[in-house]
Amino acid sequence: MSHQKFKDCIDACSECAVECSHCESECLNEQDVKMLARCIKLDHDCAAICLFAMQAMASGSEFTEKICKLCAEICTACAEECEKHAHMEHCKNCAEACRKCAVECSNMSKLSAVS
């Protein structure tokens with residue numbers, strides 16, 4: 001499958017990786033970093049899996065379906081955690097990007113399974 005068919009998902013993963021990296025950095029600058037430990041860890045994991053999913057889709061990896069499914073799972077977990085801190089703009093923005101990416105990756109994993 002041409003990587004162009006993955007464009008919406010690649011774009012969502014890119015946006016999510018950027019927002020997660022930004023959120024991670026901003027959380028580390030907050031007053032109570034310890035309270036944000038899980039958020040920071042999930043931001044890190046989410047950004048990493050989004051970048052990996054983008055690479056898999058771009059290269060046409062045979063594991064794209066599984067990678068996108070895992071990406072959707074991690075994005076959902078990150079969104080849920082960031083929503084707990086939605087009073088902070090960076091967590092609110094991150095949660096929104098994660099939710100969008102989770103939907104796109106979930107759709108992509110289903111599409112890849114059919115192809």
Side-chain angles (χ1 to χ4, degrees):
M1 180 180 284
S2 168
H3 73 282
Q4 289 301 319
K5 293 182 182 180
F6 297 128
K7 183 170 179 3
D8 290 342
C9 192
I10 289 171
D11 290 347
C13 284
S14 177
E15 181 181 345
C16 189
V18 168
E19 289 298 332
C20 285
S21 293
H22 176 71
C23 188
E24 178 183 15
S25 178
E26 290 299 308
C27 283
L28 288 168
N29 291 322
E30 292 292 338
Q31 197 72 21
D32 190 359
V33 174
K34 190 171 183 173
M35 176 197 72
L36 297 167
R38 184 162 190 266
C39 188
I40 293 165
K41 287 179 182 181
L42 284 169
D43 284 336
H44 182 80
D45 289 349
C46 194
I49 192 69
C50 285
L51 293 172
F52 184 50
M54 288 169 49
Q55 291 172 331
M57 287 181 278
S59 69
S61 170
E62 66 184 270
F63 299 102
T64 297
E65 175 191 350
K66 291 178 181 180
I67 294 166
C68 285
K69 187 175 180 180
L70 179 59
C71 188
E73 184 179 334
I74 294 171
C75 284
T76 298
C78 191
E80 288 171 357
E81 185 62 28
C82 280
E83 286 165 351
K84 294 176 184 176
H85 313 288
H87 60 282
M88 294 182 280
E89 192 69 20
H90 55 87
C91 281
K92 179 180 178 235
N93 293 339
C94 186
E96 290 171 3
C98 287
R99 289 283 181 204
K100 179 180 177 185
C101 190
V103 168
E104 290 293 337
C105 281
S106 181
N107 290 341
M108 187 52 59
S109 69
K110 292 172 189 167
L111 178 64
S112 293
V114 173
S115 298

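We're numbering straight along the sequence, starting at 1.
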Let me check something: any side-chain donor-acceptor pairs from residues 14-23 under 3.5 Å, sequence neighbours excluded? List them with distances.
from, atom 1, to, atom 2, distance (Å)
Ser21, OG, Ala17, O, 3.0

>> For Glu89, give me all partners under side chain to side chain contact (heavy atoms under 4.5 Å, CB included), at least two apart in sequence or on another chain.
In response: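 Glu89 satisfies side chain to side chain contact (heavy atoms under 4.5 Å, CB included) with Lys92, Asn93 only.
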> Leu70: which other cluster members, linking ILVMFWY side chains closer than 4.5 Å, directly or transitively?
Replying inline: Ile49, Phe52, Phe63, Ile67, Ile74
>> Between Asn107 and Cys9, does the side-chain contact (heavy atoms from CB on, under 4.5 Å) criterion hold? Intermediate values first, please.
In response: CA-CA 9 Å; Asn107 290 341; Cys9 192; over 6 Å; no
Using a 3.5 Å cut-off and no angle test, enumerate the donor-acceptor pairs between side-chain atoms of residues 27-38 and protein atoms at least two apart in sequence or in another chain.
from, atom 1, to, atom 2, distance (Å)
Asn29, ND2, Ser25, O, 3.3
Glu30, OE2, His90, NE2, 3.0
Asp32, OD1, Met35, N, 3.3
Arg38, NH1, Glu81, OE1, 3.1

> Which one of Met57, Lys100, Met108, Glu104 satisfies the side-chain contact (heavy atoms from CB on, under 4.5 Å) criterion with Cys13?
Replying inline: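 The option that passes is Met57.
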> Mind checking what makes side-chain hydrogen bond (donor to acceptor under 3.5 Å, both in side chains) contact with Asp45, not counting sequence neighbours?
Replying inline: none
>> Counting only heavy atoms from other residues, nucleotides and ligands, does the tally under 6.0 Å from NE2 of His85 exceed 12?
In response: yes
> Once you round to the nearest 0.5 Å, how far does CD of Glu26 lie from SG of Cys94?
Replying inline: 11.5 Å
> NE2/His44 to CD1/Ile40 distance, rounded to the nearest 0.5 angstrom?
Replying inline: 11.5 Å
> Of the non-hydrogen atoms in Asp43 and Cys82, which two are nearest, and what is the gap between them?
Replying inline: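 Looks like OD1-SG, 3.7 Å.
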> Pairs in or reaching into residues 68-77: which pass side-chain hydrogen bond (donor to acceptor under 3.5 Å, both in side chains), with residues at least two apart or in two chains?
Replying inline: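 Sorted result for residues 68-77: empty, none.
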>> Run Arg99 and Glu80 through side-chain contact (heavy atoms from CB on, under 4.5 Å) and show every step you take.
In response: CA-CA 9 Å; Arg99 289 283 181 204; Glu80 288 171 357; 3.5 Å; yes
>> Do Ser106 and Val103 have side chains that approach each other closer than 4.5 Å (heavy atoms only, starting at C-beta)?
In response: no
> Can Cys50 and Cys75 be said to form a side-chain contact (heavy atoms from CB on, under 4.5 Å), step by step?
Replying inline: CA-CA 8 Å; Cys50 285; Cys75 284; 3.9 Å; yes
